[in-house]
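Reading through the structure tokens given below for one structure.
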Amino acid sequence: MQINKKSKIFIAGHNGMVGSSIVRHFKNKGYKNLFLKSRKSLDLVDQKKTYSYIKKIKPDFVIIAAAKVGGIFINNEKKAEFIYENIMIQTNLIHSSFLAGVKKLIFLGSSCIYPKYSKQPIKENYLMTGKLEETNDAYAIAKIAGLKMCDAYNKQYKTNYLCLMPTNLYGPNDNYNLKTSHFFPAIISKIHFALKREVKNIKIWGDGTPKRELMYVDDLADACEFFLKKKTKHSLINIGSGEEKSILKYYKFVIKKLNINVKISFDKKKPNGTPQKKLDLTLAKSYGWKSKYNLTKGFDLTYKDYLKRIDR
Ligand SMILES: NC(=O)c1ccc[n+]([C@@H]2O[C@H](COP(=O)([O-])OP(=O)(O)OC[C@H]3O[C@@H](n4cnc5c(N)ncnc54)[C@H](OP(=O)(O)O)[C@@H]3O)[C@@H](O)[C@H]2O)c1
């Protein structure tokens, strides 16, 4: 069944940064039948409730943007919660979708599923060829279980479940809490407050050398629609921008954008994380998809949203 503007689409995790971007994108494109449920009204960790809901609404398509998500600090601190909640959420959704006869499902993973010292750029088939980064291994193992589950269902039951592996994301509705956020929203928040409080020195976690690829979240939403429409032979596809800089260079980029005069120092006792995570995008491109936003445009839109948020 081809997706059309009347198809029933369940977007799990629609309040999050990725989920809200997907909702905006699908609404803008004229999709009329979106099903949305906040965690308060449906806890996806609960198997019975998840299944009853999916059975009741019988969606044609499901996008899984619900997950327990966070940056290096919280991933390392709350490994048990990260592995338990993520495995429960995705397992409940994938299996319920199978029982309800969902036509196509997209599961969102993350580039941290790949080995810590992977060859660069990282191709999809480098999965499980080396040790994971220790700080987020619980999260990565949960995501790997999700993609292997999709793969197993596709092989045994001939389902159409696709795993998109996005690189680091940023955009409107991001999480700016320094304890739980990813690196880029943390940079924006730290530099914004340095500007407001006239702080003269900013400390970077680690030595600033790790390189990160970064993509504006609306590009991922676009990829979700593109790949729901597209017939694919592969069940794992990397999604990225191809734009990569060191953490230090991202600090310098935001410092320049906010036009602030600060000195940078390094807290080298803090972990660096994976040295480099650049995704190989050949496969996504071979299907005809590529990102549209560059960092400057994405940052301007993100910072505008950030200012609205902290003003509230
Ligand atoms: N952010 C990134 O840089 C990034 C990079 C690569 C991949 N991804 C992937 O993209 C997906 C979404 O990430 P995000 O950044 O949008 O995260 P997010 O902003 O934290 O959003 C996660 C969403 O999941 C929902 N959720 C969590 N636990 C739930 C539960 N037990 N029941 C129901 N809903 C639950 C939350 O609902 P409530 O708001 O109602 O609590 C929230 O809407 C994840 O799979 C992540 O791995 C993110």
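Side-chain atoms are counted along with the backbone in the values below, which use heavy atoms only and exclude waters and symmetry mates. All ligand and atom numbering here is 1-based and tracks the order in the structure.
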| Just wondering, do Tyr250 and Leu214 contact through their side chains at under 4.5 Å, heavy atoms? | yes
Mind listing the side-chain donor-acceptor pairs of residues 8-22 below 3.5 Å, one per line with the distance, residues two or more places apart or on another chain?
unit_1, atom_1, unit_2, atom_2, d
Lys8, NZ, Ile57, O, 2.9
Lys8, NZ, Lys58, O, 3.2
Ser20, OG, Gly16, O, 2.6
Ser20, OG, Met17, O, 3.2
Ser20, OG, Asn173, ND2, 2.8
Ser21, OG, Asp218, OD1, 2.8

Next item on the list: Establish, from distance only, whether the side-chain atoms of Lys190 and Tyr251 form a donor-acceptor pair under 3.5 Å.
Entry: yes
Exercise. Is any NZ, NE, NH1 or NH2 atom of the basic residue among Lys277 and Glu213 found under 4.0 Å from an Asp or Glu carboxylate oxygen of the other?
Worked result: no
Please determine whether ring-ring contact (aromatic ring centres under 6.0 Å, His included) holds for the pair Phe299 and Phe253, giving the CA-CA distance in whole Å, both sets of side-chain angles, and the decisive distance to 0.1 Å.
CA-CA 10 Å; Phe299 174 82; Phe253 170 84; 5.6 Å; yes
When you pair each N or O of ligand 1 with protein N or O atoms, which pairs come out under 3.5 Å?
unit_1, atom_1, unit_2, atom_2, d
ligand 1, 3 (O), Leu169, N, 3.0
ligand 1, 3 (O), Leu169, O, 3.4
ligand 1, 16 (O), Met17, N, 3.2
ligand 1, 16 (O), Val18, N, 2.8
ligand 1, 19 (O), Met17, N, 2.9
ligand 1, 24 (O), Ala67, N, 3.2
ligand 1, 31 (N), Asp43, OD1, 2.8
ligand 1, 32 (N), Leu44, N, 3.0
ligand 1, 40 (O), Arg39, N, 3.2
ligand 1, 41 (O), Arg39, NE, 2.9
ligand 1, 41 (O), Arg39, NH2, 2.8
ligand 1, 43 (O), Gly13, O, 3.4
ligand 1, 43 (O), Gly16, N, 2.9
ligand 1, 45 (O), Leu108, O, 3.3
ligand 1, 45 (O), Lys143, NZ, 2.7
ligand 1, 47 (O), Tyr139, OH, 2.3
ligand 1, 47 (O), Lys143, NZ, 3.4

Checklist entry - Are Phe227 and Leu34 connected, step by step, through hydrophobic side chains (Ile, Leu, Val, Met, Phe, Trp, Tyr) whose heavy atoms are closer than 4.5 Å? => result yes
